[in-house]
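Scroll down for the structure; my scribbles are underneath it.
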Amino acid sequence: MLKEQIIQSLNAVREQKPLVVNITNYVVMNNTANALLAVGASPIMAHSQQEMAEMMSFAGALVINIGTLDSVWTPRMSFAVEQANNNDKVVVLDPVGCGASQLRTETSRQIAASANKLIIRSNASEIIALAGEQAQSKGVDALDSSDAALGAAQFLVSEYGANVVISGATDYVVTKEQVVKLNNGHEMMPFVTGMGCTLTALTGAFAAAGDETGLAAAAVLGVVGEIAAEKSRGPGSLQMNLLDELYLLDENALLERLKLS
Amino acid sequence: MLKEQIIQSLNAVREQKPLVVNITNYVVMNNTANALLAVGASPIMAHSQQEMAEMMSFAGALVINIGTLDSVWTPRMSFAVEQANNNDKVVVLDPVGCGASQLRTETSRQIAASANKLIIRSNASEIIALAGEQAQSKGVDALDSSDAALGAAQFLVSEYGANVVISGATDYVVTKEQVVKLNNGHEMMPFVTGMGCTLTALTGAFAAAGDETGLAAAAVLGVVGEIAAEKSRGPGSLQMNLLDELYLLDENALLERLKLS
Amino acid sequence: MLKEQIIQSLNAVREQKPLVVNITNYVVMNNTANALLAVGASPIMAHSQQEMAEMMSFAGALVINIGTLDSVWTPRMSFAVEQANNNDKVVVLDPVGCGASQLRTETSRQIAASANKLIIRSNASEIIALAGEQAQSKGVDALDSSDAALGAAQFLVSEYGANVVISGATDYVVTKEQVVKLNNGHEMMPFVTGMGCTLTALTGAFAAAGDETGLAAAAVLGVVGEIAAEKSRGPGSLQMNLLDELYLLDENALLERLKLS
């Protein structure tokens with residue numbers, strides 16, 4: 001039944017071609033725009049407060065990625081979240097580097113606290129840092145494992161009313177109702193910069209087309225990454241093949257490869 | 001005769017290697033710089049008002065692309081247009097998202113009004129929005145068709161003394177003297193982010209080397225996109241092949257494939 | 001013996017996975033992050049003064065690239081250099097366009113003067129401009145040749161206590177103790193935007209892992225560029241293959257191809 005929902009979500013994105021407004025980091029603006037186009041969505045990279053109210057009135061979702069944040073960009077992010085709230089749109093937050101600096105941790109928490117409809121997409125370390133002392137941290141060694149962040153993710157679900165996607169070798173989609181485990185993907189994927197940011201952007205597209213859990217995007221990118229990596233010699237060709245395979249993705253291939261539990 | 005001019009323009013770019021100053025959006029800075037290098041030109045991505053007078057004194061043309069504009073960047077654009085005017089250089093304007101927000105529409109009009117030598121390169125919706133009520137709009141359904149923007153383009157030619165390139169499934173190059181129709185390109189091209197921005201950047205290179213109509217750049221990118229798309233599985237490989245084919249483009253292939261009327 | 005040191009440096013990068021903080025230009029943020037990942041390092045693109053002290057406390061090196069500088073970014077660069085000094089970390093400076101505007105020349109000199117441990121990676125023209133009148137310039141025609149910049153590089157070594165990498169058809173690594181000449185690379189490399197910036201970023205990774213001369217990074221990119229270019233039709237495929245080959249680079253291939261004297 002989950003698998004059917006994922007297929008339906010993919011078809012919904014391709015049919016609706018939802019507009020996704022992205023306030024994201026400089027590093028990944030090009031490749032996340034390309035990933036949104038390849039999956040069938042329509043990206044807008046816009047950040048000016050002079051146009052954000054208009055943008056959010058016709059956009060389907062808002063993606064906030066703090067990867068290259070500073071004091072000029074954070075007010076833009078806060079303002080955009082207000083506009084998303086005003087228009088009842090989902091905000092997808094990528095708290096890049098949360099825990100690596102106070103600025104990132106605090107900014108992530110402020111954005112998470114202010115969004116009415118929220119999906120958090122992040123890796124295990126960032127999820128644990130975002131949850132902070134109140135979550136059960138299992139120490140530094142466990143930071144690379146998605147399992148170690150499950151408690152923190154459940155704290156974030158309860159604290160912010162968010163759905164949470166933990167990505168890593170294993171992905172988890174954590175909502176109030178359930179925890180879904182995904183075992184697709186490929187070990188070469190972390191060698192392409194912004195692969196997580198790509199998942200965040202796709203999560204925005206799927207949310208705009210109706211999947212507000214984060215599941216369908218994680219399923220699609222896991223399978224597509226796997227297919228693309230099998231055809232790639234290294235991270236350069238993986239980045240190229242990923243866009244081709246997102247564009248070509250067939251629902252039977254998706255169904256056959258999906259490993260979820 | 002037009003075809004001969006296009007070949008001559010391509011050779012002029014390759015021989016002169018003109019410097020093109022780009023104030024463009026964050027999303028396409030990398031791929032438009034690569035396109036300019038691949039066609040034989042020399043890109044400079046510079047925006048600071050502290051160096052723009054020097055830059056425009058030795059550059060061949062100025063490209064202004066408002067894709068990720070804000071109140072920090074718009075004064076830089078205006079200042080750069082003044083420096084281009086002072087040095088009698090062509091300004092190529094890409095009014096990305098014109099019509100999607102007041103900010104974009106007004107900024108586009110201000111830049112168009114202030115440039116002495118102007119080429120506007122845009123899609124049909126943006127051309128119609130830039131022309132505004134004074135142009136004959138044919139409604140929302142027609143926005144995707146370049147034909148629908150011909151009236152608006154002719155208005156812009158007369159209002160701003162500009163040459164106008166409308167790109168889409170069919171491209172039009174509209175000048176005071178003539179309308180040229182181009183039927184090259186490929187339906188996969190819109191799946192690569194910033195393909196229009198790439199045309200805008202190339203238009204700057206060809207303008208710097210003497211073609212101030214916009215025709216040669218549109219012809220070259222239409223043909224190169226067609227050749228590249230035929231070798232591509234999807235938008236990832238198209239982006240890569242586009243740069244290879246721009247670099248390799250042979251004038252006989254260009255002549256054989258060109259469909260203009 | 002130099003060759004053995006280069007191999008050891010490559011292995012050190014791959015084992016230590018050093019964190020490299022990059023304040024770089026918008027054009028190359030994506031591809032330099034990808035190059036750092038492909039060689040085995042861990043890139044952070046961060047620039048905010050609110051987090052730079054924290055970042056430099058755990059980073060291995062700082063890369064400063066002035067390619068798209070302005071009055072907002074230059075104070076960030078100066079502040080980051082102070083933090084690098086406080087933590088005894090190497091600063092790698094890429095003075096992009098030094099000589100093309102007063103702003104670039106002066107900013108480059110200020111950064112060079114303020115860094116305690118410094119590697120300068122640049123092309124011949126920029127090295128000559130950075131050294132200024134005090135260096136022996138051989139005029140405009142010689143600007144493209146690395147040989148012409150050797151005197152200027154030696155001036156910079158003495159003036160700033162820096163190690164200097166001049167890249168071009170021939171690369172030179174100039175330190176107080178010696179001048180090493182490298183003859184790898186491929187003529188297609190300058191057709192990929194930011195190839196020099198990629199070398200600068202890699203120089204940061206190797207410095208963080210112990211090679212503060214700049215030699216190992218120049219050797220690795222020269223050989224990898226050569227291998228990648230031989231498999232490429234043009235600059236689009238070169239950019240892709242470069243990342244694949246950096247990721248796959250075998251130490252025997254490196255040893256066999258290295259041409260240094």
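Residue numbers begin at 1 in each chain, while the letters A, B, ... track the order of the sequences.
- Among residues 12-24 of chain A, no residue has any heavy atom closer than 4.5 Å to a heavy atom of chain B.
- With a 6.0 Å radius and a threshold of 12 heavy atoms from other residues, nucleotides or ligands, B/Tyr160 has its OH atom above the threshold.
- With rounding to the nearest 0.5 angstrom, the OG atom of B/Ser237 is 9.0 Å from the CG atom of A/Leu243.
- Interatomic distance, CG of A/Asn31 versus CG of B/Asn31, reported as 11.0 Å (0.5 Å rounding).
- For the pair B/Phe191 and A/Leu37, the tightest heavy-atom approach, listed with the atom from each and the gap, is CD2-O, 3.4 Å.
- Inspection of non-hydrogen atoms places B/Arg233 of residues 219-233 of chain B under 4.5 Å from chain A.
- Against chain B, the residues from residues 71-80 of chain A that qualify, each with a non-hydrogen atom under 4.5 angstrom away, are A/Trp73, A/Arg76 in number order.
- Interface with chain B: from residues 44-51 of chain A, residues A/Met45, A/Ala46, A/His47, A/Ser48, A/Gln50, A/Glu51 qualify, criterion being any non-hydrogen pair under 4.5 Å.
- Heavy atoms closer than 4.5 Å to chain B are found in the side chain of A/Glu245, but not in its backbone.
- Between A/Asp244 and B/Pro235 the shortest heavy-atom distance is OD1-N, 3.3 Å.
- When the options B/Thr193, B/Asn30, B/Asn25 are evaluated for a side chain to side chain contact (heavy atoms under 4.5 Å, CB included) with A/Asn30, the one that passes is B/Thr193.
- Listed here is the closest heavy atom pair of A/Met55 and B/Ala100: CE-CB, 4.3 Å.
- Enclosure of atom OH in A/Tyr26 by more than 12 non-hydrogen atoms of other residues, nucleotides or ligands within 6.0 angstrom is indicated.
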